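Right, one structure below, let's go through it.
The first residue of the sequence shown is numbered 1, and numbering continues consecutively from there. Basis for what follows: all heavy atoms, side chains included, without hydrogens, waters or symmetry-related copies. Given the structure is predicted, the values throughout are model-derived calculations rather than measurements.
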Amino acid sequence: MKFADQLSKAQIQQFNQMRRFAENQREKPKPVQHQEHLSRRDLEDLMGKHRDTYKRVNGAVRRR
């Protein structure tokens with residue numbers, strides 16, 4: 001036997017109103033966003049702009 005079979009139509013309508021209200025009040029979890037705010041220098045390091053440069057001098061590799 002179903003739950004709705006025991007209730008009158010007015011009670012069913014009241015139950016549905018309460019259920020809709022509860023669904024609207026329920027907080028939906030927001031997706032967690034892990035955004036890393038990098039500075040300009042950090043971005044340039046990631047791209048390799050500030051790497052050491054090497055030069056061959058008389059067969060040896062020297063850093064500039």
Side-chain angles (χ1 to χ4, degrees):
M1 186 170 252
K2 293 184 179 180
F3 180 69
D5 294 339
Q6 301 294 323
L7 300 175
S8 67
K9 289 190 178 196
Q11 290 173 332
I12 292 172
Q13 288 177 350
Q14 185 179 11
F15 177 73
N16 287 334
Q17 286 176 351
M18 291 186 334
R19 186 181 64 183
R20 286 189 204 112
F21 179 76
E23 287 175 356
N24 290 338
Q25 294 300 319
R26 187 179 312 138
E27 289 186 22
K28 297 177 183 173
K30 295 180 181 177
V32 178
Q33 296 180 355
H34 299 287
Q35 291 185 349
E36 193 174 349
H37 298 288
L38 299 174
S39 67
R40 182 178 180 93
R41 173 76 184 206
D42 292 335
L43 289 173
E44 289 173 351
D45 285 338
L46 288 173
M47 291 187 289
K49 183 176 177 184
H50 299 287
R51 287 190 296 181
D52 292 333
T53 55
Y54 295 93
K55 184 177 180 182
R56 184 171 293 275
V57 178
N58 295 333
V61 179
R62 305 284 171 111
R63 186 174 63 180
R64 288 180 118 182

Residues passing the side chain to side chain donor-acceptor pair (under 3.5 Å) test with Thr53, sequence neighbours excluded, are none

Check side-chain contact (heavy atoms from CB on, under 4.5 Å) between Tyr54 and all other residues, then give those that pass, not counting sequence neighbours.
Asp52, Val61, Arg63

Hey, can you pull the donor-acceptor pairs under 3.5 Å for the side chains in residues 10-19, sequence neighbours left out?
unit_1 : atom_1 : unit_2 : atom_2 : d
Gln11  : OE1    : Ser8   : N      : 3.1
Asn16  : ND2    : Ile12  : O      : 3.4

Residues two or more places apart in sequence or in another chain: which of them pass side-chain contact (heavy atoms from CB on, under 4.5 Å) with Leu38?
Glu36, Asp42, Leu43, Leu46

For Arg40, which residues count as a salt bridge (charged side-chain N to carboxylate O under 4.0 Å, His left out) partner, sequence neighbours excluded?
Glu44

Residues passing the salt bridge (charged side-chain N to carboxylate O under 4.0 Å, His left out) test with Arg62, sequence neighbours excluded, are none

